[in-house]
Amino acid sequence: MREKDFQWWQKTLVYQIYPRSFRDSSGNDIGDLKGIIEKLDYLEDLGIETVWFSPFFKSPQKDHGYDVSDFRDIDPDYGTMNDFELLLKEMHERNIKMVLDLVLNHTSDEHPWFKESASNRDNPKRDWYIWRDGKKSKGKKPPNNWKALPGGRAWKYDQKTEQWYYFHFLPFQPDLNYRNPKVKEKIFNMIRFWLDKGVDGFRLDILHSIYEDESFRDDKFSWHVLPSDKHVASLFRKHLYDLNLPETFNFAMELRNVIDKYKPERFLVGEVFGSIEELRKYYGPRNNGLNMCFLFEYSDSKIKPKAYKEVISRIEKSLPHPYTPTYVYGNHDRMRYISRIKNDTKKAKLLATLQLSLRGVPFIYYGEEIGMRNVDFELKTSQDPIGRKFSKFPIPLIAKLFGLSLTRDGCRTPMQWDSTPQAGFSSNETSKTWLKIPDSYKKINIEKERKNPSSLLNCYRRLLKVRKDQRILSEGLFELIEVNKNKAKSLTYKRFSENNQIYIYLNFSKKQLLMSCPVKKPDLLFSTLSNRVSLDIEAYGGSIKLTPFEGIIFK
C-alpha cells in the first residue's frame, strides 16, 4: 500500500461545526463566521484536517439553515460573503480543508423559486417543485398516503392554486423536482459556484429522498414505528416510493461527475439511511458515486466487542479498499454520544481510540473532544421545529422509554470554551445565548481540560498526533485479530501495509485483562491512560496487561 494509492479525502479527519453554536464574535447571542476564524488556531492545534460546516446560507432560520432561501449568499446572522472568503483563506493557510453542508432535497418556502412556483399553476417554475391534485371532492384529500420523515402527512394544501405540494421533512421545506432538467442544471451550477471559490467538498443532507416515485403510488403498510440503522420503514410506512430510489443512486454518480472536473480532488459525503449493503449503492458500481456515506449502523451499535466486530466486518466486506467508510458517533441531529454512555469518560476515550484507528474517515462533532453533554429542553419552547411539533402529542413519554431525544436543541448548545460567563462563547458576557449553556460548563470546558493531562481533550490530542505520525492509521488496510481468551471483553485488530503493521487492543470490560502480545518487543504508541509510557510484557509472561476500559496502540 503506497501513499499514491490514496487521495487526501480518503485519509482525512473531519470536524463538524454547527456555526450558530461555535463562537459569537458580535455579541448578538449567535455564533458567526468571524467567531470561527477566531478559533481556527484551536482547531489547528488539536490536529483537525477538514471542517464540515452546517449551513450558513441565507435562510429564514425556521430550521436554522436547513431551510435555504438563497444557495449563493451568506445569512446575515453569520456574516457576509467577505467573511466567508476570509474564513476559507485562513483555513487553507493552515492546511485545513472546508466542507459545506448542501441541502439539495428542498428549499425554504420563502425561496424566490418557490414563491414563483406557488404564484399560479401556469408559472414557468411551477414544475420546479412537486405539485399534485388532491383526491375526493374538490381535491381536499392528499394525493397519496405518504408520511413525512418527522411524522404526519407529507403534503400541504395551497388554497390559492388548489393543489398540494410535497415535502419530505417539514411543511415549510418543499421538495425540489429533480425530474425537471432545469432544476438539476440550476443546482449543479450552484455547486460549481462554491467549487470555483475553492470549497473542498460537500456533505449532502438527506440525499436519499431526492427522487420520488413518478406515479406517486400509495406506500405499503409496515409494522415499524421508528426507523433504524437497518431499514427506512417508519410510522407504519415502508417508504418504498420516496426513499433510496434507483434514480437517486444515479444522481449520486452525476454529482460525482461534477466535482471530478475540479483539481485538486474534492469529495462528497452523503447523509443517507438504510443498511450498509443498501448504502453501498451510493458509492457507484465503480466507486464513481459518492466518495463516502455516513454509516449509522456503526453509530448506533451497542457498546460491546461482539457488536462492533459484526458491524465493522460488514463494512469491510461491503466497502473494501479503495471504497472509503466513515465512522461517526454524533452530529447536529443526534443525542450527544457521551450522554448515551452515561457520561463515562473512560468509555469515551476507548470509543475515540476505536473511531480514530479504523480504516476510513472519522467525523468528530464539535464538543465531543471535551465530553459536552446533551442538555434537556422543554419541547414547547424548543428552538428546534421538530421539538415543537412533538410537544403537541403524548410521544415524549414513549420517547423517554426508548431513550430518545425529540428536540435537537440538546446537542446544539454553545461550545464550552472556558469557565467565564457564557462559557466564553460570546464576546458579550451579559448576553443570553441562543440556547442555554448547562452549569456543567464550569467543569467541562476547553481551558480546564487543556491543563489536565488525563482529560478527554488531551486524549484526543494525543490520538490525533499518533494518527498523523503513523500514516498507516489513515492509509493502511484493516484486519480483525481473533483471540481465544477474553474475546467477549475485548476488540483487537491491526492496520497494515506491505512493510508495516500497527496493533490496536481495546478492553471493553470493568476488569483487568491479560492479552497475548504478537511482537517480542512492543513499542507503545498510545494509551488511553495518560501516564502509561511502555508495555512490560516480561512481567506478565509475554502478555499485555490492559486496565479496565483501556485502549492501546502499539507496534
Side-chain angles (χ1 to χ4, degrees), residues 3 6-19 21-23 31 33 35-56 84-102 191 194-205 207 255-256 259-260 262-271 283 290-295 298-299 322-332 352 355-369 415 460-461 463-471 473-475:
E3 185 178 4
F6 289 82
Q7 304 292 352
W8 69 268
W9 49 267
Q10 291 179 292
K11 53 189 180 181
T12 195
L13 171 141
V14 184
Y15 185 93
Q16 182 192 356
I17 287 178
Y18 195 73
S21 291
F22 202 61
R23 165 67 179 163
L33 301 185
I36 295 168
I37 293 171
E38 290 177 4
K39 297 299 184 180
L40 287 179
D41 287 346
Y42 164 74
L43 297 176
E44 183 181 24
D45 178 67
L46 181 59
I48 299 304
E49 300 164 354
T50 299
V51 178
W52 149 32
F53 295 99
S54 288
F56 43 64
F84 165 81
E85 289 170 351
L86 179 59
L87 172 61
L88 181 61
K89 176 177 175 289
E90 293 281 347
M91 288 176 64
H92 283 173
E93 286 180 354
R94 292 170 172 80
N95 292 316
I96 300 175
K97 307 286 188 179
M98 177 187 282
V99 171
L100 298 186
D101 204 326
L102 286 186
I191 291 171
W194 292 107
L195 291 171
D196 289 340
K197 283 187 174 292
V199 167
D200 302 290
F202 302 101
R203 178 262 186 184
L204 306 172
D205 186 65
L207 187 74
L255 288 172
R256 178 67 175 270
I259 70 160
D260 278 354
Y262 286 79
K263 298 295 179 184
E265 293 78 9
R266 319 298 169 92
F267 82 86
L268 302 168
V269 56
E271 182 197 29
Y283 285 79
L290 300 184
N291 304 75
M292 293 174 264
C293 294
F294 291 121
L295 306 173
Y298 173 84
S299 312
Y323 295 89
T324 307
T326 63
Y327 290 98
V328 56
Y329 293 126
N331 61 32
H332 61 287
Q355 179 192 28
L356 295 171
S357 61
L358 291 169
R359 184 188 68 85
V361 175
F363 284 72
I364 299 170
Y365 185 49
Y366 83 96
E368 278 181 358
E369 73 272 26
M415 185 65 161
Y460 268 92
R461 291 176 70 183
L463 261 173
L464 295 183
K465 186 177 186 307
V466 170
R467 194 174 188 274
K468 183 177 182 180
D469 292 344
Q470 305 292 328
R471 290 193 336 209
L473 287 174
S474 56
E475 298 174 20

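Because the structure is predicted, anything quoted here is derived from the model rather than measured.
- Here the side chains of Leu464 and Leu356 are in contact, with some heavy-atom distance below 4.5 Å.
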| request: List the steps, then state whether side chain to side chain contact (heavy atoms under 4.5 Å, CB included) holds for Phe53 with Leu33. | output: CA-CA 10 Å; Phe53 295 99; Leu33 301 185; 5.8 Å; no

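- For the atom pair OH (Tyr15) and OH (Tyr460), the distance works out to 10.0 Å, reported to the nearest 0.5 Å.
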| request: Using the side chain to side chain contact (heavy atoms under 4.5 Å, CB included) rule, take Leu43 and Ile17 through it: C-alpha gap first, then chi angles, then the decisive distance, then the call. | output: CA-CA 11 Å; Leu43 297 176; Ile17 287 178; 4.0 Å; yes

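- The distance from the OG1 atom of Thr12 to the CH2 atom of Trp9 is 11.5 Å, given to the nearest 0.5 Å.
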| task | With ring-ring contact (aromatic ring centres under 6.0 Å, His included) as the test, would you mind laying out the steps for Trp52 and Phe294 before giving the verdict? | result | CA-CA 13 Å; Trp52 149 32; Phe294 291 121; 5.6 Å; yes

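- Side-chain contact between Phe363 and Thr326 is present, with heavy atoms from C-beta onward closer than 4.5 Å.
- Counting all heavy atoms, side chain and backbone alike, Thr324 lies closest to Gly360 at CG2-CA, 4.4 Å.
- The nearest pair of heavy atoms linking Arg467 to Pro362 is NH2-CD, 3.4 Å.
- With values rounded to the nearest 0.5 angstrom, Phe56 atom CZ is found 7.0 Å from Ile36 atom CD1.
- Ring geometry for Tyr18 against His332 counts as parallel: the plane angle stays under 30°, on a 0 to 90° scale with 60° as the upper cut.
- Under the salt bridge (charged side-chain N to carboxylate O under 4.0 Å, His left out) test applied with Lys11, the options Glu265, Glu49, Glu475 reduce to a single match, Glu475.
- In terms of heavy atoms, Ser299 sits closest to Val328 at OG-O, 2.7 Å.
- Leu255 CG to Asn291 CG: the interatomic distance, rounded to the nearest 0.5 Å, is 10.5 Å.
- Between the side chain of Glu38 and the main chain of Arg23, no donor-acceptor pair closer than 3.5 Å is present.
- Other residues, nucleotides and ligands contribute only 12 or fewer heavy atoms inside 6.0 Å of the NZ atom of Lys468.
- Within the model, atoms CZ of Phe84 and CD1 of Ile37 stand 10.5 Å from one another, a figure rounded to the nearest 0.5 Å.
- Here the shortest heavy-atom pairing between Arg266 and Ile259 reads O-CD1, 3.4 Å.
- The side chain to side chain contact (heavy atoms under 4.5 Å, CB included) with Phe267 is formed by just one residue from the set Met292, Arg203, Lys97, Arg256; it is Met292.
- Here the side chains of Tyr42 and Ile48 are not in contact, with every heavy-atom distance at 4.5 Å or above.
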| said: Using the rule given for side chain to side chain contact (heavy atoms under 4.5 Å, CB included), can you reason through Gln16 versus Val99, listing the C-alpha separation, both sets of side-chain angles and the distance that settles it, and then say yes or no? | reply: CA-CA 9 Å; Gln16 182 192 356; Val99 171; over 6 Å; no

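- The two residues Asp45 and Arg461 come nearest to each other via the heavy atoms OD2-NH2, 2.9 Å.
- Between Met98 and Met91 the shortest heavy-atom distance is CE-SD, 3.7 Å.
- Under 4.0 Å is where a charged nitrogen must lie from a carboxylate oxygen, and between Lys89 and Glu93 at least one such pair does.
- Atom OH of Tyr327 is separated from atom CD of Gln355 by 10.5 Å, given to the nearest 0.5 angstrom.
- A 4.5 Å side-chain heavy-atom check between Leu290 and Leu207 finds at least one atom pair inside the cut-off.
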| Can Thr50 and Trp8 be said to form a side chain to side chain contact (heavy atoms under 4.5 Å, CB included), step by step? | CA-CA 10 Å; Thr50 299; Trp8 69 268; 3.7 Å; yes

